[in-house]
Amino acid sequence: MKKASTFTLISLLILAMSGFVLVSCGDDDDGVMERPDYTSINYKLALSADLLRFYNIKATYVTVSGEEKTEDVESESWNKKDKVDGTHHTTFRMNVTATVKQPLPKISNDIEAYKFVCEYSAESYTKATSANREARVTFDKTVKKDNLEVFLEENDTISLVNYKKNN
């Protein structure tokens, strides 16, 4: 009998608690959540160590305010963010080029092949368009050590990224 009343008491307590969980805490908005009003762009590059070893990399990009900037890229991971309050209509662009270093770095006898890779992404946001992301591998080439000098001579300048987005 004592077990039955304890079970009944626990069941009633659970039932009472579930009523609190199911009750709404506020009014329904019957609408869509308002998006924040700003404009942003985030450019990213991921480059292989071999690409950076044999090439000088330059990135030219456009900020939210429409200003064009050019920077040397000297690390495997490069990132540029720009954010401005309000809606700004601009064309986002990022162009990345690679030019063979002079003098040419020494070719190692210990390495059988060199990997030249460039991946990029560009993430933009406006209140009207919400978030947009584009990402891709734009260059991916493996070159055997015996063919490296010929490859570098034939590819003394490479266009790695040519991104353009109107917002």
query: Are any of the side-chain heavy atoms of Val84 and Tyr38 separated by less than 4.5 Å?
result: no
field: Distance-only polar pair, side chains of Thr97 and Ser159, donor-acceptor under 3.5 Å
entry: no
- prompt: Quick one: are Leu51 and Cys118 in side-chain contact, heavy atoms under 4.5 Å?
  reply: yes
Shortest non-hydrogen separation from Leu47 to Ser75 and the atoms involved: CD1-O, 4.0 Å
- prompt: Quick check: are there more than 12 heavy atoms from other residues, nucleotides or ligands sitting under 6.0 Å from NZ of Lys101?
  reply: yes
message: As a quick check of understanding, evaluate side chain to side chain contact (heavy atoms under 4.5 Å, CB included) for Asn155 and Tyr55, giving each step before the final call.
response: CA-CA 10 Å; Asn155 297 279; Tyr55 286 90; 3.7 Å; yes
message: A quick test of your reading: do over 12 heavy atoms of other residues, nucleotides or ligands sit less than 6.0 Å from CD of Glu149?
response: no
field: Any side-chain heavy-atom pair of Met94 and Lys80 under 4.5 Å
entry: no
field: Full working for side chain to side chain contact (heavy atoms under 4.5 Å, CB included) between Tyr163 and Glu134
entry: CA-CA 9 Å; Tyr163 167 79; Glu134 180 177 333; 3.3 Å; yes
- request: Identify the two heavy atoms, one from Gly86 and one from Thr39, that lie closest to each other, and give their separation to 0.1 Å.
  value: O-OG1, 2.8 Å
Nearest atoms (heavy-atom pairs only) where Val64 meets Ser40: CG2-CA, 4.0 Å
message: Would you say the ring centers of Tyr120 and Trp78 fall short of 6.0 Å from each other?
response: no
field: Atom pair CG/OG of Asp82 and Ser65 - distance to nearest 0.5 Å
entry: 6.0 Å
- prompt: Could you give the distance from CG (Leu148) to CG (Leu104), rounded to the nearest 0.5 Å?
  reply: 7.0 Å
message: Can you tell me if Lys81 has over 12 outside heavy atoms packed within less than 6.0 Å of its NZ?
response: no
message: Within the 4.5 Å heavy-atom criterion, are Asp156 and Thr99 side-chain neighbours or not?
response: no
query: Taking atom CD of Glu68 as the centre, does the number of heavy atoms from other residues, nucleotides or ligands within less than 6.0 Å exceed 12?
result: yes
- prompt: Transitively linked via ILVMFWY side-chain contacts under 4.5 Å: Tyr43 with Leu52?
  reply: yes
task: Mind listing the closest non-hydrogen atom pair of Phe92 and Thr90 along with its distance?
output: CE2-CG2, 3.5 Å
- prompt: For atom NZ of Lys115, is the number of surrounding heavy atoms from other residues, nucleotides or ligands below 6.0 Å larger than 12?
  reply: yes
field: Worked verdict on Val73 versus Lys58 for side chain to side chain contact (heavy atoms under 4.5 Å, CB included)
entry: CA-CA 6 Å; Val73 178; Lys58 286 208 181 287; over 6 Å; no
task: Would you give the length of the straight line joining atom CD1 of Ile107 to atom CG of Asp146, rounded to the nearest 0.5 angstrom?
output: 9.5 Å
- request: Would you name the heavy atoms of Ile41 and Ser124 that are closest together and state the gap between them?
  value: CD1-CB, 3.7 Å
- prompt: With ring centroids as reference points, do Phe139 and Phe116 lie under 6.0 angstrom apart?
  reply: no
task: Compare all side-chain heavy atoms of Val62 with those of Thr91 and state whether any distance is below 4.5 angstrom.
output: no
query: Which of these, Glu123, Arg133, Lys83, sits in a side chain to side chain contact (heavy atoms under 4.5 Å, CB included) with Asn42?
result: Glu123
query: Side chains of Lys145 and Ile111: does their closest heavy-atom pair fall under 4.5 Å?
result: no
- prompt: Taking atom CD of Glu153 and atom CG of Asn147, what is their separation to the nearest 0.5 Å?
  reply: 12.5 Å
message: For Phe54 and Tyr114, I'd like to know if the aromatic rings sit close, meaning centre-to-centre distance below 6.0 Å.
response: yes
field: Exercise: identify the closest heavy-atom pair between Ser130 and Arg35
entry: CB-CZ, 3.6 Å
- prompt: Under 4.5 Å between any side-chain heavy atoms of Lys69 and Thr60, yes or no?
  reply: no
Side-chain heavy atoms of Leu45 within contact of Val96, under 4.5 Å: yes
- prompt: Should Ile158 and Val117 be regarded as members of a common hydrophobic cluster, given that ILVMFWY residues are connected when their side-chain heavy atoms come within less than 4.5 Å of each other, either directly or indirectly?
  reply: no
Value rounded to 0.5 Å, distance of CG in Asn95 from CG in Leu160: 10.5 Å
- request: Mind checking the CD-CD1 spacing from Glu76 to Ile57? Nearest 0.5 Å is all I need.
  value: 11.5 Å
